[in-house]
Structure formats: C-alpha cells, structure tokens
Amino acid sequence: KTLSLMHTHKTIYKWGFYLKKIIGKLCLTVSFIAIAWLVLGMLNIIPLILSIPGTTEVRSHATFAVIFLLIASWAFWNED
C-alpha cells in the first residue's frame with residue numbers, strides 16, 4: 001500500500017510540474033502579445049483598448065503585460 005501511495009504522489013507532482021509549464025508558456029505568449037500591442041499602440045498603429053479607471057491606456061496595457069510576465073516567471077521557477 002505504501003508503494004502505491006508513493007507512486008500516486010510522484011504522479012501528482014509530475015502532473016503539477018507539467019501544468020506549471022503549460023501555464024508558463026501560455027502566460028509568456030500572452031505577455032509578448034501584450035508587449036507588441038503596447039508598442040504598436042504607442043506608435044498609433046493599432047488602438048489601445050484596455051482602460052482601467054484612473055489610469056492612462058498605456059499604463060493599463062503595461063500592467064497587463066507585467067502581470068502575465070510575473071505569472072510566467074512563477075511557472076518557470078526552479079524549485080530544488
């Protein structure tokens with residue numbers, strides 16, 4: 001019974017590690033899109049459409065990119 005419990009624990013750990021990598025890759029992709037959108041919006045090529053009350057549109061897009069970069073950094077953190 002102990003062997004199957006250890007096997008289950010390792011399986012859950014591997015699944016969690018795999019899920020963190022998926023989240024990290026997804027957030028990294030979204031943050032790169034947000035950064036490109038921010039730069040293109042600052043150059044008035046495409047409109048900046050995010051608006052948070054009390055802040056500028058540029059700050060809203062920059063915040064969006066930074067949040068996703070922070071989530072991606074958590075996902076790629078090496079826990080030894």
Side-chain angles (χ1 to χ4, degrees):
K1 188 166 186 163
T2 307
L3 183 60
S4 65
L5 182 62
M6 286 185 67
H7 177 70
T8 304
H9 177 68
K10 286 182 180 181
T11 304
I12 291 171
Y13 179 76
K14 286 180 182 179
W15 176 250
F17 183 74
Y18 180 69
L19 189 59
K20 272 180 71 173
K21 293 298 178 188
I22 290 173
I23 291 170
K25 288 177 184 178
L26 180 67
C27 288
L28 197 60
T29 303
V30 171
S31 67
F32 284 146
I33 291 169
I35 291 168
W37 192 346
L38 174 65
V39 171
L40 293 174
M42 289 172 64
L43 298 173
N44 290 326
I45 297 173
I46 59 173
L48 294 173
I49 60 170
L50 289 178
S51 76
I52 299 173
T55 62
T56 63
E57 289 178 343
V58 172
R59 179 176 272 182
S60 300
H61 279 268
T63 302
F64 184 68
V66 168
I67 287 171
F68 279 99
L69 283 171
L70 284 172
I71 295 170
S73 70
W74 161 80
F76 292 115
W77 185 269
N78 188 8
E79 296 178 8
D80 290 333

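Hydrogens, waters and symmetry mates play no part in the numbers below; they use all other heavy atoms, side chains included. Fair warning: this is a prediction, and the values are worked out from it, not measured in the lab.
- The line from CH2 of Trp37 to CD1 of Ile33 is 9.5 Å long, rounded to the nearest 0.5 Å.
- Shown here for Ala75 and Gly24, the closest heavy-atom pair between the two residues is CB-CA, 3.3 Å.
- In this structure, the side chain to side chain contact (heavy atoms under 4.5 Å, CB included) partners of Lys25, at least two apart in sequence or on a different chain, are Phe76.
- Between the OG1 atom in Thr29 and the CG atom in Leu26 there is a gap of 6.5 Å [rounded to 0.5 Å].
- Val66 and Phe32 fall into different hydrophobic clusters, where Ile, Leu, Val, Met, Phe, Trp and Tyr are joined by side-chain heavy atoms under 4.5 Å apart, directly or via other members.
- When every heavy atom of Ser31 is checked against every heavy atom of Phe68, the shortest pair comes out as CB-CB, 3.8 Å.
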Let me have the donor-acceptor pairs involving side chains of residues 40-48, under 3.5 Å, with sequence neighbours excluded, atom names and distances please.
none

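- Using a 4.5 Å heavy-atom threshold, the side chains of Ile71 and Leu28 count as separate.
- Shown here are the side chain to side chain contact (heavy atoms under 4.5 Å, CB included) partners of Ala34, two or more places apart in sequence or in another chain: Phe64, Ala65.
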